[in-house]
Amino acid sequence: MSKLLIKNGYLIDPANQRDGTFDVLIERGKIAAIETAIPANGAKIIDAAGQLVVPGLIDLHTHLRQPGREDKETIETGVQAAARGGFTTVCVMPNTTPPLDERSHVDFIQQESRRIGGICVQPIGAVTKGRQGLELTDFGELFEAGCVALSDDGHPVSDSHLMRRALEYAKVFQRPIIQHAEDRQLAAGGVMHEGLIATTLGLRGMPSEAESVMVARDVALAELTGGWVHFAHLSCAQSVEVVRQAKRRGIRVTCEVTPHHVALTHEAVGEFDTRAKVNPPLRTEQDRTALIEGLRDGTIDCIATDHAPHTDWEKDADFDAAPFGIGGLETALGVCARALIESKHLSWAQLIGKLSVHPAQIAGVSGGTLAKGADADLTLIDPEATWTVDPSRFASKSKHSPFAGWTLHGAVVRVLVRGAEVFPA
Ligand code: DOR
């Protein structure tokens, strides 16, 4: 593979506490040197003046609907959307049809993503067979096949005994169980956050405690077992506080928040806008503030998109009938820049920590670093570029977004995976 020299970019590499204007030389898919004024010596030059050069973004929580619902998203369209969004790796959730609950299904994801090329796709296997919540999958088989974690996401693992066993078995492999924390009985079929807006609209609400009681239960089970629980898409102040206390007590717990939960509140539902229907639901300003504080103080380890594509015809249904989910791969960076950097809650280095360094560590995959010798997975960002969200132009098949029409700052200019340019393609 030819040599590439990225010149004059502003490097942000939180894993190595490096921040400044440097050239990056890439050889054979690896970072060969990071210095000032590296001579070209025949390398292809990329001028990155005015751009940020950061470790490629890594999404811990992506739904690509293949196999089973290719009308919503395929691995190919999802991978293209992820590359446009600045991601070099996405970890894909197992709620496909069939679910990723056995080796052959995991093999399919890996083979198909290798065939397509571009960014890396890392599978997450199911905790229970058929995601039915009744019987554990074969963890050894799934981890051996290459799963980076296990989750029944979309559903919680409701049965406490089963969750205990799942944490115990996953501990043997030093991998997390990713919990979709939702007490289904307490959520009671709610379609948005339980509060004033749900009442005004006449919609059934789900209280924040439907999430936080399960977070508290699983913290207790992580303490009991010494296993590692990772909470997906936390949405409320109570959950953040439970995790904060658990971390103080040294319990093995990590967690994520989505861009939509840090940028929006239940007010986005407006007049029954299904684009803002998501599970867990968008909550109050107080919750949003608590999530941001959780990111700032390290309680919340990372930001994950929960990219959950659906067709227009499904989302065009009544609010009660429409599916939960927001497609977020292509807006994640700009939305985070707006909600977290422009409002001065986080620095760029902190944001890259949440979108790259920590997700790489949690998933146990390469990336998240610009160290010499590391895989050359890099994202180049123009932090000043202004663009308007137009879902009709998304690479994703999911053409609706609660951010439609928003003007965002911070655009992905270029994405390299193992030194190969995957965006622009
Ligand atoms: O809103 C959501 N959509 N939340 C989930 O947990 C699952 C996801 C989906 O798969 O559509």
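Whatever order the structure lists them in is the order used to number ligands and atoms, beginning at 1. All residue numbers in this chain count up from 1 along the given sequence.
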Exercise. Using salt bridge (Lys or Arg N to Asp or Glu O under 4.0 Å) as the criterion, list what pairs up with Arg393, not counting sequence neighbours.
Key: none
Quiz item: Which atom pair, heavy atoms only, marks the closest approach of Glu73 to Lys397?
Solution: OE1-N, 2.8 Å
Quiz item: Should the pair His61 and His233 be assigned to parallel (<30°), tilted (30 to 60°) or perpendicular (>60°) ring geometry?
Solution: tilted
Quiz item: More than 12 foreign heavy atoms under 6.0 Å from CD of Gln286: is that the case here?
Solution: no
Quiz item: Would you find a donor on one side and an acceptor on the other, under 3.5 Å apart, between the side chain of Thr97 and the backbone of Gly68?
Solution: no
Exercise. For ligand 1, list the protein residues that place a heavy atom within a distance below 4.0 Å of one of its atoms, sorted by chain and number.
Key: His63, Arg65, Asn95, Asp153, Gly154, His180, His233, Val278, Asn279, Asp306, Ala308, His310, Phe324, Gly325
Exercise. Can you establish whether the number of heavy atoms outside Glu267 located under 6.0 Å from its atom CD is more than 12?
Key: no
